Each structure stands twice: as C-alpha cells, then as structure tokens.
Student: 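Let me begin by handing over the structure; questions about it come next.
To find a chain, count down the sequence lines: A is the first, B the second, and so on, and within it residues start at 1. Fair warning: this is a prediction, and the values are worked out from it, not measured in the lab.
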Amino acid sequence: MTDQSALPNSIPNSLRSQPDERGHFGQFGGRYVAETLMPLILDLEKEYRAAKDDPEFKREFEALLKHYVGRPSPMYFAERLTEHLRADLPEGKGPKIYFKREELNHTGAHKINNCIGQILLAKRMGKTRIIAETGAGQHGVATATVAARFGLPCVIFMGAKDVERQKPNVFRMKLLGAEVRPVTAGAETLKDAMNEALRDWVANVHDTFYIIGTAAGPHPYPELVRDFQSVIGKESREQIMEAEGRLPDLLVASVGGGSNAIGLFHPFLDDADVAMIGTEAAGLGMDTKKHAASLAGGSPGVLHGNKTYLLQDEDGQITEAHSISAGLDYPGIGPEHSWLHESGRVQYVPITDQEALEAFQLCCKAEGIIPALESAHALAVLPKIAGDYDSDKIVIVNVSGRGDKDIFTVAVALGAEI
Amino acid sequence: MTRFDTAFAQGPALVCFITAGDGDTAANLDALVEGGADVIELGMPFTDPMADGPAIQEANLRALGKGTKTADVLQIAADFRARHPQVPLVLMGYANPMVHRGAEWFAAEAAKAGVDGVICVDLAPEEDADLGPMLREEGVSMIRLATPTTDAKRLPAVLDHAGGFLYYVSVAGITGKQQAALDSIEEAVSRLKQSTDLPVAVGFGVRTPEQAEAIARVADGVVVGSALVEIVGKHGEKAAEPLKELTSALAKAVHNARKVAA
C-alpha cells in the first residue's frame, strides 16, 4: 500500500485538498469577521503559507515537538480493554484496540501541538502579546505554557462557570504567568470566552496574536490548526504500520471543536478502507435540549468567523450547549467536520454524559489510564461498535488528554466526596 | 434620489443606533427622529455580539430576554417606515440571524418593511455572496465598514458593491469604548473620499455633542450608538424623553457644523 501521507495535498479528488483558496470546505468555513480583523487574517494566511515552505520553521516546530512536548506519543495496544470488550461478544468478534496516547504530551493533552505551531507563527509575525480562549482549561494551560516558553505576556479568557469548575487548570495557568480573565457574559462558558477573546483581539490587533484552540474560527485557523495537529495522524500511520504492518480499519476521536479528531483523521482521509467515527457530546441525551452535539442536533450557520453546524433556534440565535466535559461544551464544530459529515466520509455519533462516565471508569480500571472526559466520549463508542468488527480488525482511539483535571467533576457525578 | 441621498445632501448627518426590542422601541425611534436624527440604525439582537462593547451587549441580551424575534424586528421596521416615510432606515446586526432562514427571505422581508440598507458586522466583503446579491436584488444597500486597519490595498474590496454610505469605524476595537484622535479621523476620511463617492459616516466612541460637532466638520455623518443605548438601559420603558434630549443636542451640534463648514 502506498503511503498517501507522503503525497501532496493537491492531488485531484483528494479529500485532503480542502479548503479552497478562500478557506471554504464545501459550503463551510470562510472568513466571517469584523473588517478590523480582515487585514490581519489575510496577513496570517500569507505568513502561514510562507512558514509552511520554510524548512527552518519546520525544523523548529519538529524540534520543539520532540524535545519539549515529548513526541512522538506512543501507540499502545490496549490489551485488557480489548479483552473486556470481547468478553460479551461471539467468538471471533471484537477488534484490537490501540490508544494514540496524546495524554502523555507535555501539559497532558494534544492541545500543545497546535500551540507550539501558532506561537512560532506569532514570533514570525513580530507579535508581542498572546491571547486565547479556553473551556476545560487544557488549551489555556497549553497556551500559557508556550507563552512562558517564549517569554510573551499572555491573557486567557475563560467563562466564569468554567473558572469555577476547572480550578486546578486556572491555578496552573497563573503559575505559568498568564492572566486569567473570567468572562461573565452569556452562559459563562467557552462560547462566551471566545466572544471576549475576539473583542480583545479587535482592540489590540497591532501587537496581539490570538492562539485559537481548535480547528475552527475564520480561515486560515481551521486549516493551520489541522495541519499542526496532523502530527497525530502522521505518527499513527507509521506506528500502526510498524506494529501491525497495515493501516487500521477504524479511527475514533471525540469532537468538540474537533482538533484532536481532525489531527488524527486528516492523514487517512484518502484511505478509503479506513473508517472514521467522531463522537459528539450528547449531554443528558439527544431527546433533551441539554447537549453539545451540533451535527446531530444543529444546523448550518455562521458564528465565530466560520460557517458550520451550530446549535441554534429558528431565528438563528445560538443556544447553549451542555456537556459534562467542559472541553466539549460548545455549540459549534470545526467547519471541516461539517463538510466530512455532509460528505459522509466520517460518521459522527452522539455520546451522553452517562456513557462517557462509564467509559471513563472502564478505562481507569482496565488500562490504568485516567482519560480526559473529552477522550472518554471517544472510548464510549467502543462497546457500541465492537461487535461489528472481527477480532483481526484494528481500531485506533485518540486518547486526546488525561483526566486528572476532571476528577472533581467525575466525583460529583458519581456522588463521591474528595 | 434615495432616502440616503436626501439625508446626506444637506451636509453632515446624524446617524442614531438603538437595539430593536430593547425598551419601548417604537417610542424611542420616534424620539430619535423628533430629536433630529437623519438616519436610523436599528440593531438586530444576537446572542453573540462579538464586535460590541458592554452597553450594546447588554441591550442585545435585554431584547432577547424579552423574547424579541426576527419577525418583531421586521415589524418594528415596517411600523417605523409607515410613520416616517422619509427617514433612511438601516438594519444592523450579525450574519447568522440574517441568513438563517435564507438570505433571499431576509432581503425580501427587509425590502417589504421599507429598510434602505443593511450593515452585517461579521460578513466580510469576501463572503458577500451569502447576502449581498440578495439585498441588491431587492434594492437594499449593503453598507460596508472601513476601519483603521483597512489599508489602500484592501479598500477596493470593501468598496466593491458598497451602497448607501460608508461607515468608518474610527477605532480598532469594540463599540462604545474610546474615541479616536480627530487628526486621524480627518486623515482617514479624506483618504476614503478619494476612493468613493459614497458619504462617509464616522462612528465608534462618539458620545457627546462636542465630539459629534468636531467629527461633523470633517465627515459626512456621525454615528452615535452606545451613548443612546445606555440611556435605554438606564430608563427602561421610559427612555424616549432623555433619548430625545441627547439626540437634539447631538443633532444641533452636527447640523451646526454644516453652517460652520459653509
């Protein structure tokens, strides 16, 4: 089998050639921002194109990923979880489960990959101040980390409700020298933090670089975040070839904005035999309004710089998302996922809070790995699909983050006292 | 002659913004006109007004909290048009509520309500195809924003298909914050006017008659929003009188600049 990841993105009919030159993934994506930001976004795009072709940029990015982040992250055969899933299935059913262990990265999640790339772009553009939004705090911590590493002042916008439910990460950010600004507008979660970050950016375009945490926002963010996160999928290809001598049959990743998922999926998009499942947060259930599944429960619209699937009412007002996972608690999704959803290339499955909690506990006990609640949403799809795969099939799950940050939330959900 | 042409023909015009559904909007709009506003911008409330400062954010939330729907905004516009046949009316808001039911639908409804122009804050000229052609088809102007970051290279893209007037956002920032230095405004307006025949109205951070008069000497129009919206926030359902008072003072100052200029 040819290694398609080595081929350029411009091959005809490739699913990896998106977006077009205007930043569109089919009807999704684009640049829906206030005029004040447009010149900056055009600059960023130009600078990103130049950086992509600059061997020195690539060298610096890769060196930091290796020596600072600790890449490559392992590809681990989750033997006990595999056996656990097979226990309830007929003989010969139940695939081999591998974990792509992004939770072992510095700062405990995949978020740092993107932050390294973006801060190198900030440096290249001569920007001297960093801002970011954060939900669970993982992206905030990763941004504060790279800002400290590069000696740049950093302001993190975080919904006041998230500041409350993610206290350990708030303190981490402060230790790393960042200023954490609680946002009291709206529902006080990720969406509102993003609004406030955009307001700050508009007022400080001259010196400020906005490190967006997921593969969403105005073009070129969805593209560049995806490219920086694609290290996950590129490594996975090599590692699974080494372990199994062939490509996997299925990739699984959780989707909030969707950066860990697109990072894993993208290098495999042209491999027709590799199926992909993205799991959305179904909160209290798709029959309630308390969920964060914008594909399963939303419709296309425009928010935060891009056109994509959104949770919204009949007037196009954005409705509040709900998920036990603060990192998935967002009413939108990256535009490339909207496109992959409509084209049918990736299947998206809603996972409830309860299902995620069960998978969280199973992963702790079966593998000795405490996954982030976000990643638990990916793991939760395994019992649903295991019976469809023979035991010689291979599934890779992106364990995008570690769950230390979530133990308080989980304790509350399980009625335990810490 | 369009309503915009008439409004800007007599010298600098006062453009007043309030949010639809916030307070007694019909009475407030009448107060603005009685006070001497030449152009009305009616804000369409949105859950996520990311280019707005606290005053207009809160107005959006108040309006939505009262259950204001897109249909209500269009009705407020239609009623305004019936009462004030001559005053140009602009709908200002964010893309999603405008395109959600289909841009054709929105453009047709806006035209039917007697709306003269639309300002869509987060619809960059690059995405004009989502709304611009539908508005133009219905004879509604797409009013574009230029900012301090809009350089000479980019200006043609902003002016392409621009109608009504050009809204110069005088500060890089959100609504209702600081005001730009007058020198920079004058320079920017003269630069813009070299590239367009559209009237240039200047907004963002204009709060007092003194500021308004100074800007009116160098521009074709002055936009006041947050200062008016704050009055609605403070006086609730009884904001018409104080709104009229501030508008009169602003209008006098802006119109006074006509004579000085002449």
Side-chain angles (χ1 to χ4, degrees), chain A residues 21-24 27 29-43 45 133 183-187 191-208 218-219 299-308 310-320 331-332, chain B residues 44-54 57-58 60-61 64 67-73 93-102 106 119-127 129-131 144-151 153-155 157-158 167-169 171-175 177-178 204:
Chain A
E21 72 282 357
R22 289 164 57 239
H24 289 221
Q27 65 155 316
R31 289 174 286 216
Y32 296 84
V33 293
E35 172 60 23
T36 309
L37 294 177
M38 268 311 295
L40 186 67
I41 282 176
L42 293 170
D43 256 8
E45 185 186 348
E133 84 296 338
V183 176
T184 52
K191 163 177 88 94
D192 311 290
M194 197 151 183
N195 289 335
E196 208 56 32
L198 284 165
R199 288 180 188 121
D200 180 288
W201 198 25
V202 160
N204 297 289
V205 275
H206 56 287
D207 67 353
T208 297
H219 177 65
S299 57
V302 175
L303 181 71
H304 292 154
N306 58 176
K307 186 185 288 180
T308 191
L310 301 172
L311 301 181
Q312 55 187 327
D313 70 10
E314 70 286 355
D315 268 351
Q317 305 292 354
I318 308 305
T319 52
E320 298 298 344
Chain B
M44 291 180 65
F46 183 45
T47 40
D48 295 82
M50 52 237 152
D52 284 299
Q57 284 176 44
E58 284 162 22
N60 277 271
L61 293 180
L64 293 172
T68 306
K69 302 285 178 197
T70 301
D72 301 321
V73 177
Y94 293 82
N96 203 46
M98 294 186 187
V99 301
H100 183 63
R101 281 194 179 80
F106 175 73
I119 302 175
C120 187
V121 178
D122 56 344
L123 194 86
E126 281 76 0
E127 307 294 346
D130 279 14
L131 183 60
R144 287 275 171 70
L145 304 156
T147 73
T149 60
T150 311
D151 56 19
K153 204 173 94 208
R154 178 159 174 75
L155 188 55
V158 171
Y167 187 149
Y168 179 62
V169 173
V171 284
I174 52 178
T175 54
K177 296 286 184 170
Q178 81 279 28
F204 274 45

Student: Among His24(A), Met194(A), Arg22(A), Arg31(A), which residue has the highest count of heavy-atom pairs closer than 4.5 Å to chain B?
Tutor: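 The option with the most such pairs is Arg31(A).
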Student: Could you tell me which portion of Leu42(A) (side chain, backbone, both or neither) has an atom closer than 4.5 angstrom to a non-hydrogen atom of chain B?
Tutor: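 Just its side chain gets close to chain B.
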Student: Under 4.5 Å, counting heavy-atom pairs only, tell me which of Val171(B), Thr147(B), Val158(B) racks up the most with chain A.
Tutor: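 Maximum pair count with chain A is reached by Thr147(B).
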Student: With a 4.5 angstrom heavy-atom cut-off, which part of His206(A) approaches chain B: side chain, backbone, both or neither?
Tutor: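 Interface part for His206(A): neither.
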Student: Are the side chain of Asn60(B) and the backbone N or O of Thr47(B) linked by a donor-acceptor pair below 3.5 Å?
Tutor: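 It does not hold such a pair.
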Student: Tell me, for Asp130(B) versus chain A, whether the close heavy atoms (under 4.5 Å) come from the side chain, the backbone, both or neither.
Tutor: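 The side chain, not the backbone.
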Student: For each of Gln57(B), Glu127(B), Lys153(B), tally heavy-atom pairs with chain A at distances under 4.5 Å, and name the one with the top tally.
Tutor: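 If we count pairs closer than 4.5 Å to chain A, Glu127(B) comes out on top.
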Student: With a 4.5 angstrom heavy-atom cut-off, which part of Pro125(B) approaches chain A: side chain, backbone, both or neither?
Tutor: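 Side chain only.
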Student: Heavy-atom pairs under 4.5 Å with chain A are the metric here; pick the option from Val169(B), Thr70(B), Asp52(B) that has the most.
Tutor: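 Most heavy-atom pairs under 4.5 Å with chain A: Thr70(B).
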Student: Hey, are Arg144(B) and Glu35(A) close enough for a salt bridge, meaning a charged N less than 4.0 Å from a carboxylate O?
Tutor: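 No, no charged N to carboxylate O under 4.0 Å.
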Student: Quick one: which of Pro218(A), Gly23(A), Ala34(A), Ala203(A) has the most heavy-atom pairs under 4.5 Å with chain B, could you say?
Tutor: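 That would be Ala203(A).
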Student: For Ala197(A), which atoms come within 4.5 Å of any heavy atom of chain B: side chain, backbone, both, or neither?
Tutor: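 Contact with chain B: none, neither part.
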Student: If we only count heavy atoms from C-beta on, is the Ile318(A) to Leu310(A) side-chain gap below 4.5 Å?
Tutor: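 Contact flag for Ile318(A)/Leu310(A) side chains = yes.
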Student: Between Thr319(A) and chain B, with a heavy-atom cut-off of 4.5 Å, which part of the residue counts as in contact: side chain, backbone, both or neither?
Tutor: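 For Thr319(A), neither part sits under 4.5 Å from chain B.
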Student: Identify whether the distance between the nearest side-chain nitrogen and carboxylate oxygen of Arg101(B) and Asp315(A) falls below 4.0 Å.
Tutor: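 Between Asp315(A) and Arg101(B) there is a salt bridge, with a charged N closer than 4.0 Å to a carboxylate O.
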Student: Indicate yes or no for a side-chain donor-acceptor contact from Thr36(A) to the backbone of Ala172(B) under 3.5 Å, with no hydrogens or angles considered.
Tutor: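 Answer holds: no.
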Student: Donor-acceptor check, side chain of Arg199(A) to backbone of Pro49(B), threshold 3.5 angstrom: yes or no?
Tutor: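 Checking the backbone N and O of Pro49(B) against the side chain of Arg199(A), a donor-acceptor pair under 3.5 Å is found.
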Student: So which part of Glu126(B) gets closer than 4.5 Å to some heavy atom of chain A, the side chain, the backbone, both or neither?
Tutor: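 Contact with chain A: backbone and side chain both.
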Student: Of Gln312(A), Gln317(A), Glu314(A), which is the lone residue that meets side chain to side chain donor-acceptor pair (under 3.5 Å) with His100(B)?
Tutor: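 With His100(B) as partner, side chain to side chain donor-acceptor pair (under 3.5 Å) holds for just one option, Gln312(A).
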Student: Can you find a heavy atom in the side chain of Asp122(B) that is under 4.5 Å from one in the side chain of His304(A)?
Tutor: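 The answer is no; the side chains never approach within 4.5 Å.
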